[in-house]
Amino acid sequence: MAEDFNKLRMLSRKLVATDFQKDWLFRLEVEGEPAELDLYVKDIAYNPLEVTTDEENYGGVTMSWPTGRVPVKITATMRDNTDRRISAFICEWCEKAVHADGTVGLPYGPDGYVRKVRVYEQREDGSEVLAGEWEMYATTPGETSRSRENGAYKEFPVAFVQFSTATSPIQFL
């Protein structure tokens, strides 16, 4: 079967003219954060929606039934300042959830561990759009990686988890 050259040419023009979103145009905002926290965020990864399922087999056929939603998890690679203000902020936040004596803190209130976390998609014109907002808390201040070989900045992973799937609407912007 011969390919239609005009169709391929039109597809090529459409692809060249398409304004794809750039992956580095994002901003992470955490309620109560140090003002410059976003400067230290190297990258983030998250899945705004995951449906849990139960599977049932009926002979040779499997049916998959939706049963709920999985809490959103955000993982970020952070850099730190020389005074360690970013890692200190994350560690203090984690310690509000589970105290050194093993007790668990309250999620809300003045000493609560739940904070609003927002991800914004930024545009090249300087505007931004809210991509997702969740009530979350930090769960992992991360394993610090250091190397004398590459001369890069100190980095550590951070994980945040959604407090309740009932508290935040799904965003698909």
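Sequence positions, counted from 1, serve as the residue numbers for this chain. This one's a predicted model, so the numbers in the text were calculated from it and none came from an experiment.
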Would you say that E128 contacts R27 through its side chain, given a criterion of any heavy-atom pair below 4.5 Å between the two side chains? yes
Return the CG to CG distance between L39 and N81, rounded to the nearest 0.5 Å. 10.0 Å
Determine whether L25 and R123 make a side-chain contact, defined as any pair of heavy atoms from C-beta on separated by less than 4.5 Å. no
For residues 31-76, which residue pairs pass the ring pair (Phe, Tyr, Trp, His ring centres under 6.0 Å) check, not counting sequence neighbours? Y46-W134
Which pair of non-hydrogen atoms, one from L37 and one from V30, has the smallest distance, and what is that distance? CD2-CG2, 3.8 Å
Step-by-step side chain to side chain contact (heavy atoms under 4.5 Å, CB included) determination, W93 to R115: CA-CA 9 Å; W93 189 7; R115 299 171 184 251; 3.3 Å; yes
Here the pair of heavy atoms bringing Y113 nearest to K96 is CD2-O, 3.7 Å
Under the side chain to side chain contact (heavy atoms under 4.5 Å, CB included) test, which residues partner R84, sequence neighbours left out? D80, S87, K154
V98, I90: one ILVMFWY side-chain cluster at the under-4.5 Å cut-off? no
With no hydrogens and no angle check, is any side-chain donor or acceptor of N57 less than 3.5 Å from a backbone partner on G59? no
Flag the pair Y137 / V117 as yes when at least one side-chain heavy-atom distance between them is below 4.5 Å, and no otherwise. no
Heavy-atom check, side chain of I44 versus side chain of V119, under 4.5 Å: yes
Within the 4.5 Å heavy-atom criterion, are T52 and R69 side-chain neighbours or not? no
Sort out for me which residue in E33, E135, E29 forms a salt bridge (charged side-chain N to carboxylate O under 4.0 Å, His left out) with K116. E135
Between V51 and P66, what is the shortest heavy-atom contact and its length? CG1-CB, 3.9 Å
So do V104 and H99 actually touch side chain to side chain, heavy atoms under 4.5 Å? no
Over all atoms of both residues, closest heavy-atom pair of A76 and F160: CB-CE1, 4.4 Å
Please test E36 against R85 for salt bridge (charged side-chain N to carboxylate O under 4.0 Å, His left out), starting from the C-alpha separation and ending with a verdict. CA-CA 10 Å; E36 70 280 356; R85 75 182 78 151; 2.6 Å; yes
So is R79 actually on top of Y153's ring, under 6.0 Å and inside 45° of the axis? no
All pairs passing salt bridge (charged side-chain N to carboxylate O under 4.0 Å, His left out) where residues 40-51 contributes a residue, at least two apart: K42-E155
